[in-house]
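See structure below.
Chain naming here is simple, since letters A, B, ... match the order of the sequence lines and numbering starts at 1 in each. Here the structure is a predicted model, which means the values were calculated and not measured. Keep in mind that the numbers below use all heavy atoms, side chains included, and drop hydrogens, waters and symmetry copies.
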Amino acid sequence: MKVAILGGTRGMGRAIARVMAARGDRVCLLGRQTDELEKSAADLDIRGGGNTGVTMAHCDLAEPSTFEPALATAQASLDGLDAVVVTAGVFAPQAELADDPEKTEQLLTIDFTNTILFCEAARKLLLAAGGGTLCVFSSVAGERGRKPVVLYGAAKAGLSQYLEALDHTYRQEGLITVCVKPGFVKTGMTAGLPVPPFAGEPEPVARRVVKAIDRGRPEVYAPAIWGWIMAVIRLLPRAVMRRIGF
Amino acid sequence: MAAASSEGTTVRSLEAPAEPASGVVAERDTTTATVAGWGRLAQPGRERLGEDLEQLSRSVPLMRGLGRSYGDASLPPPDRPVVAGTRLADRLLAFDAGSGVVRAEAGLSLGALNRAVLPRGWASPVMTGTQFVTLGGMVAADVHGKNHHVDGCFGRHVERLRMRVFDQPGDHAGRVVWCSRSEHPDLFRATLGGMGLTGHVLEVEARLSAVPSPWIWAEQRRMKSLDEVLAGLRESAGNWPFTVAWIDYLAAGRGSGRGVLFCGRWATAEEAPAAVPPRTERLSVPFVLPGWVLNRFGMRAFNLFYYLAQRPRKGTVHPEAFFHPLDTIASWNRLYGPRGFSQYQCVLPHASCPDAVREVLQTVASSGVPSLLTVAKDCGDEGEGLLSFPLPGISVALDLPHRPGTQHVVDRLNALVTAAGGRIYLAKDALTRAADFRAMEHRLDAFEAVRRRWDPAGRLASAQSRRLLEGS
């Protein structure tokens with residue numbers, strides 16, 4: 001498989017890139033810092049036995065003008081593209097955003113508007129080449145309106161909705177959309193937050209996501225138990241959600 | 001919620017104990033954020049994780065890896081209770097398959113390193129008892145393995161370190177330098193075994209060992225007495241690169257001190273299976289065992305069972321099974337119950353053996369705080385690191401469950417070790433007193449001098465350095 005990963009230098013993207021490179025997939029890392037891209041490419045190459053042919057392309061989720069060139073570079077450097085994975089995004093708890101309109105706008109722009117613009121660019125490119133898989137990290141935070149993630153959750157809810165519709169619209173034409181809804185995973189993004197029960201480690205979560213890509217599952221919770229947890233959360237009455245801090 | 005509340009809720013008293021007999025005070029506190037070492041002796045504090053070590057290392061007094069040191073070596077000082085965790089910074093940055101020189105971020109684990117390089121004919125030159133240690137931690141503790149008598153500590157194989165240092169008094173965020181045997185050699189030597197107190201290690205460059213196959217040829221033999229165990233270690237040192245012995249000192253009567261001698265070497269290409277060693281599955285201790293489970297009788301039974309189970313055998317084995325047998329069971333540190341444990345590991349010069357070894361074992365055996373697992377290993381020459389642990393002699397490691405009286409046992413052991421001319425391993429220690437450490441560590445002044453040069457404002461510290469060096 002030939003895959004481009006936006007956010008592949010860190011966190012879940014790094015873990016997915018390692019799992020895919022280890023089994024022989026061709027990986028192109030998309031990111032905004034050249035030195036970080038180079039370090040991660042070296043890491044994948046050494047772990048993969050020294051000749052994995054990892055490539056990279058400059059792409060900044062804050063700069064939509066970089067999206068199409070980055071995807072085109074990825075496609076050219078790998079001589080084709082079967083899948084695009086998006087793990088990049090920003091996180092901030094509600095307490096940090098409540099009185100900071102600038103940060104709020106930044107988070108909403110990156111996690112919703114720009115992520116969708118990137119997906120649109122990927123959709124066009126994959127469909128033009130005859131199809132492929134678009135795997136995007138949304139979040140369980142988008143499943144219910146919850147106190148600690150008012151804005152982040154709203155952005156992810158919108159993103160999940162978009163991804164579902166994308167899958168309904170284009171699967172027939174060959175574009176498979178995989179919406180990943182991770183629960184709490186211990187990565188740099190969640191560093192500093194209190195670790196809840198059922199928190200996952202990056203590597204097992206990455207394996208689950210890669211399996212979902214292989215099978216073309218439109219939606220995947222990871223770790224798996226979060227699917228059951230959210231099934232319960234979705235059923236909680238508003239009166240309860242209003243009371244609890246979750 | 002069970003998973004969260006079972007971790008990190010034991011808070012060790014930070015006050016000096018009122019009397020030695022009740023040295024360890026534990027209380028339950030579920031509201032404070034705590035941080036703990038492998039021995040699960042928690043203290044208030046927070047671990048800050050991140051992938052960008054340059055950023056992460058700017059404002060913290062200490063960095064830690066996977067937290068496998070047993071006591072308080074990886075815990076922040078009580079007055080600045082934040083420690084930076086490196087384990088997310090785990091990238092391999094450069095590897096020369098011709099020379100075996102590898103460079104990586106400090107948070108890369110030993111296990112991940114070996115999995116990457118073993119299929120290409122290379123291995124870490126030093127293997128610790130667990131693979132869940134980071135390169136940064138291996139440098140900080142200047143770790144040794146079963147091949148110490150041949151290959152020395154990990155520091156011997158380190159070529160260069162990239163570090164954040166705080167030698168400019170006005171510069172709060174410090175600066176990044178490289179050090180090696182030719183560049184800032186004083187900093188380099190003090191950092192090997194310096195327990196993270198000379199600067200924050202960001203990248204490690206080390207020379208790996210070429211191996212004929214990724215498998216191990218191992219042989220194990222039962223030994224009937226302590227004398228036989230120690231003689232077996234010395235004798236096999238000439239023929240085997242990897243040796244270690246397990247001792248059952250809880251057995252009564254003539255069996256006391258019996259053990260099993262494990263020897264090994266990298267298997268030749270002809271002996272080894274064609275396949276690369278597969279990833280091993282791990283069992284787990286699912287919850288913290290009540291403290292009474294591992295009482296004296298339980299431990300004696302375990303040791304007898306273990307002795308009988310270790311039949312003499314030889315053959316090709318998985319490298320992880322040989323080097324890291326305890327990793328088979330995840331979270332085995334929960335075995336010792338809610339009060340936690342540490343280890344007592346000391347090295348005793350050959351001249352004092354076997355008497356000093358026997359005295360150490362008897363002191364623990366008669367103490368009422370018996371050790372589940374006791375391991376002995378002969379050590380080779382002292383390393384370059386200014387506070388590096390091993391010296392030519394016998395190293396003995398015992399688990400120490402924390403109970404009332406454990407402090408007293410450690411005090412007695414330290415007196416024995418000091419008299420014998422030995423020293424303790426800081427990566428295991430939780431209870432040694434400052435005066436005792438100073439008495440056994442004649443290299444301390446030299447270390448402190450380098451530390452003052454590279455950290456004149458005292459920005460770096462750990463809970464352990466506050467206890468042992470700064471004498472709070």
* Asked: Hey, does the side chain of Arg91(B) reach the backbone of Ala42(A) with a donor-acceptor pair shorter than 3.5 angstrom?
  ->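 Answer holds: no.
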In this structure, are over 12 heavy atoms from other groups packed under 6.0 Å from [X] atom [atom1]?
| X | atom1 | answer |
| --- | --- | --- |
| Arg243(A) | CZ | no |
| Lys211(A) | NZ | no |
| Asp99(A) | CG | no |
| Arg234(A) | CZ | yes |
| Arg215(A) | CZ | no |
| Arg80(B) | CZ | yes |
| Arg160(B) | CZ | yes |

* To do: Please flag which part of Ala94(B) lies under 4.5 Å from any non-hydrogen atom of chain A: side chain, backbone, both or neither.
  => backbone
Pick one of side chain, backbone, both or neither for [X], based on which atoms fall under 4.5 Å of a heavy atom in chain B.
| X | result |
| --- | --- |
| Glu203(A) | side chain |
| Thr190(A) | neither |
| Glu36(A) | both |

* So how far is it from Glu105(B) CD to Lys39(A) NZ, rounded to the nearest 0.5 Å? ->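 One finds 6.0 Å between CD of Glu105(B) and NZ of Lys39(A).
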* To do: Return the option, out of Leu108(B), Leu113(B), Asp90(B), with the maximum number of heavy-atom pairs under 4.5 Å with chain A.
  => Asp90(B)
* Max heavy-atom pair count under 4.5 Å with chain A, selected residue of Asp52(B), Val102(B), Leu93(B) ->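 Sorted descending by pairs with chain A, the first entry is Leu93(B).
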* **Min side-chain heavy-atom separation Arg103(B)-Ile46(A) under 4.5 Å** =>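 No, their side chains stay 4.5 Å or more apart.
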* Could you pull out the closest heavy-atom pair between Asp43(A) and Leu92(B), with the gap in Å? =>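 That would be OD1-N, 2.7 Å.
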